[in-house]
Amino acid sequence: MPIVSGPRAWLARRDPGFLVVRRAARVTLVACTGFLVSRYALDNAVMAPYALFGAVALGILSQIPGSPAQRARVLLTVLPVGWLLVTLGTLLSVSTATATAGMFVLGFVVSFVGVGGPRLVGLAAGTQLLYILPCFPPYDPGSLGWRLAGLTLAVLLLAAAELVLWPDPTPEPYTAKLGVAVGAVAGCLTAVADGWTGRPQDRDRLTALLPDATETAEALRPSNSPPMQRPASAGRRDRALTVAAGTARLLLGRAVDLHDTDAHRATGLPAAASLLRRAASCAGAAAAWLRTEGRDGAPVPDTDDMTAAITAFRADRAAMPPDGVPADRLRLNSLALSLGEWTRALVAAVRVVAAAPVGPDPTPPAARPGVLWFARESTPRLWWQRLREHLTPRSVYFQGALRLAVALAVARLLAGVLDLSHGFWVLLTILTLLRTSASETRSLLWPALVGTVIGSIGAAGLLLIDIPPLAYALLLPFVMLIGFSAGPLLGLGWAQALFTLVVALVFAQVSPVDWHLAEARVLDVAVGAAVGLATGLLAWPRGGSGELHRAAGTYLAATGRVVRQTVDVLTRGARADDALRQARDAGELASASWALYQTEHHPTPSVDWQATLLAGHHAVRGAEWLLRECPTGRLLPCVQPLAAEADAVAVRYERVADALLLRDHVGLAARSPVPPRGDWPTDLGADLYHLADLHVWLDGLRDDLGRIPAAASTDADGADVRRRVARLADGATS
């Protein structure tokens, strides 16, 4: 094959599929069409800027995921919100005080609603601009109709362009990726069950399947999905997809645990093998539906088959009293039962994705709400619950919204007090530069300023030539196309330089201007950069890193209380308090901090944050299951050794939590000795199975805590698939 070189090859390397160029061309055509029609065909200098900047706000500053049809629907849906923001900006521009107050309130609200998911985050910057543009003088409520008309024209043209002008390819649905991963897990479960039959050709089949299954499971991690395609909204469907993905990763890890467990001396092996095969069949049915969401005729999977299999397994287990059986021979039964329960939860989550009924919540009051609590809640209540969880200064969403609102309000106040011409550039600069950490904001400062100065020099020279307005109209689309492409491909400096030229070409056609316009542009960008930098330094300057230490430490401390409480309930029959609820809330904030951290640039951490969250998720999910399935107060005869074992695990959680809060990485890496296992009663009858379930949970938590130091999570040869599987279950809760 010949080697292709030249500009096209360079562009293909920088922009695979020419997605950036196609988007830039689409928005350029829409923006220029709306602007030129409004300015020259309709001779309306008020409508024209809104037709152009409306397309820029929703086409360039906004990130809208999905297929072309879905993006078009989102644009039409957000149009009434745009009308509201333009109206408020127009009316509140009556004075600097009202405009500043409106900027603070709307800046916070528009940014904070991003807690509802990445799709809303993608719209935040663009919709902010729809208020920023009209909130500056002149105060002219009489022009509101034309402003709204310009925005409407921009949105309608942009929605049509998404469908017919070089439409972007439809990304692979998350459900399809989930279906592939769940299908791979089903194959692994079948391999484990077949390996127990003793046929030599079956014993190593899991080893052959595990690398591919691990890759497909890793692809489900939020960190491995584009931000706009992550199932992270507050709605039932995305919550169910998150639970299903986390459960699939847990199932893969449990399959490895079962494969590595000595099956020759285990009790009830035939019943366990039967349970695994039924689990594999149910997981396969879920995978078949997920791959096409039922479009190929695949039925929605049902939980009845898995429920029947679990009931049969419990009956077989109860028919074989375990009195006198050593502890290690009961381990396989406990692992298999937890796998069956997780498979049932996976199928139930897929039913929620399919909007199929899931029946009443079987979770007892002590363990509620269950993992699928959201399946029975209304959409408004789910949104309110998500907003309420994050309406705290400890939430990174709250911090980000407040940081941006303060920066925009201060910038609007300065623009009014200093009487800066074209002051909206100050606020636009903040939208462009302000990042979640001070270091990242600072790194963008000089490219933005240098690019603006260079662009301003070019704009000043262009305005000094005094060419006719028609020349400006002819130059505009070319400069705009290059400018919208330059940012993603060449960097912020190029984008700022070319956008400065675009601004000069636009305003030269709207009102009389001279070279002082370029001077004003430099001043406004400098003021905006200074405000953004100062805000970044004063308001949570560490960004995701600073909050992640605190959030993860709080989460693990809450998880330690869950460990103690769960054992206390199962042994003494104590009444459960709200430890589980507090741990779930802390886990929500920790997961949000982890998601923000992954969007930032950091040196290699000494903490494996994925393993840290896994340690909390496993504790919470395991406690929910034990409280639901194990009778309370029946393990009283072994209360002392179990309480000591639970306390040792909880103390380790608390020590790790303290080390995270204090950033004590030496203390974090310190290993705690494994306490000797207490006396194992041999005369508890069927309750010995529940004791085994509890010990499997506590042993797993100790393993999870040992993986938190990053050094402990580094494979010597980078090829230890089993260790990768053990670290897969980040984000296993909703």
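Count residues from 1 along the sequence.
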Practice item. Give, for atom CG of L556 and atom CZ of R561, the distance between the pair rounded to the nearest 0.5 Å. Key: 11.0 Å
Practice item. Give the intermediate values and the outcome of side chain to side chain contact (heavy atoms under 4.5 Å, CB included) for residues L123 and V74. Key: CA-CA 10 Å; L123 287 168; V74 169; 4.1 Å; yes
Exercise for review: Looking only at non-hydrogen atoms, find the nearest pair between A558 and A583 and report the distance.
Suggested key: CB-CA, 3.9 Å
**Study point:** Check: T247 side chain, W342 main-chain N or O, donor-acceptor pair, under 3.5 Å
**Key:** no
Point to revise | Main-chain N/O of V426 paired to R412 side chain as donor or acceptor, under 3.5 Å | key: no
Review point. Are any of the side-chain nitrogens in R584 or E389 under 4.0 Å away from the carboxylate oxygens of its partner?
Key: no
Review point. Sub-3.5 Å donor-acceptor pair from the side chain of Y555 to the main-chain atoms of H617, do we have one?
Key: yes
Practice item. Please answer whether the main-chain N or O of F108 pairs with a side-chain N or O of S111 as donor and acceptor at a distance below 3.5 Å. Key: no
Practice item. Examine distances only and state if a side-chain atom of S338 and a backbone atom of L335 form a donor-acceptor pair shorter than 3.5 Å. Key: yes
Exercise for review: Carefully, step by step, assess K177 and T216 under the rule side chain to side chain contact (heavy atoms under 4.5 Å, CB included).
Suggested key: CA-CA 7 Å; K177 293 195 295 185; T216 60; over 6 Å; no
Point to revise | Nearest atoms (heavy-atom pairs only) where L252 meets A217 | key: CD2-CB, 4.0 Å
Point to revise | Pair Y397 + H390: ring centers closer than 6.0 Å | key: yes
Practice item. Evaluate the side-chain proximity of E645 to H695: yes if any heavy-atom separation is below 4.5 Å, no if none is. Key: yes
**Study point:** Interatomic distance, D585 atom CG to Q385 atom CD [nearest 0.5 angstrom]
**Key:** 7.5 Å
Check your understanding: Looking at A405 and G107, what are the two nearest heavy atoms and their distance?
Key -> CB-C, 3.9 Å
Point to revise | Distance (rounded to the nearest 0.5 Å) between L662 CG and H549 NE2 | key: 10.5 Å
Review point. If you round to the nearest 0.5 Å, how far is CG of D257 from CG of L339?
Key: 9.5 Å
Point to revise | Heavy-atom pair of closest approach, residues A411 and I430 | key: CB-CD1, 3.4 Å
Review point. Counting N and O atoms only, with roles assigned by atom type, does the side chain of E547 sit under 3.5 Å from a partner on the main chain of S395, one being a donor and the other an acceptor?
Key: no
Check your understanding: Less than 4.5 Å apart, any side-chain heavy atom of L705 and any of Y653?
Key -> yes
Practice item. Could you tell me whether the side chain of L626 reaches within less than 4.5 Å of the side chain of R621, counting heavy atoms only? Key: no
Review point. Which distance, rounded to the nearest 0.5 Å, do you find between the CG of L84 and the CG of L130?
Key: 10.5 Å
Practice item. Please tell me if the side chains of L241 and T175 come closer than 4.5 Å, counting only heavy atoms from C-beta onward. Key: yes
Check your understanding: With no hydrogens and no angle check, is any side-chain donor or acceptor of R239 less than 3.5 Å from a backbone partner on A234?
Key -> yes
Check your understanding: Hey, does F374 have a side-chain heavy atom less than 4.5 Å from the side chain of V352?
Key -> yes
Practice item. Test side chain to side chain contact (heavy atoms under 4.5 Å, CB included) on T379 and W383 and set out the steps. Key: CA-CA 6 Å; T379 299; W383 277 87; 3.6 Å; yes
Check your understanding: Nearest heavy-atom pair of T127 and L85: which atoms, and what distance?
Key -> O-CD1, 3.1 Å
Review point. Donor-acceptor pair, Y174 side chain versus L220 backbone, under 3.5 Å?
Key: yes
Review point. Under 4.0 Å between a Lys/Arg side-chain N and an Asp/Glu carboxylate O for E654 and R564?
Key: yes
Practice item. Evaluate the side-chain proximity of M103 to L413: yes if any heavy-atom separation is below 4.5 Å, no if none is. Key: no
Review point. Would you say D238's side chain and S233's backbone share a donor-acceptor pair under 3.5 angstrom?
Key: yes
Check your understanding: Would you call D658 and R655 a salt bridge, using N to O less than 4.0 angstrom?
Key -> no
Check your understanding: Got a second to check how far T559's OG1 is from L701's CG, nearest 0.5 Å?
Key -> 9.0 Å
Practice item. Step by step, work out the side chain to side chain contact (heavy atoms under 4.5 Å, CB included) result for H618 and L250. Key: CA-CA 9 Å; H618 274 185; L250 291 174; 2.8 Å; yes
Exercise for review: Would you name the heavy atoms of A244 and L178 that are closest together and state the gap between them?
Suggested key: CB-CD2, 3.8 Å
**Study point:** T392 side chain near F398 side chain, heavy-atom distance below 4.5 Å
**Key:** no
Review point. Between E588 and R386, is there a side-chain N and carboxylate O pair less than 4.0 Å apart?
Key: yes
**Study point:** Side chain proximity check, T566 to W697, heavy atoms < 4.5 angstrom
**Key:** yes
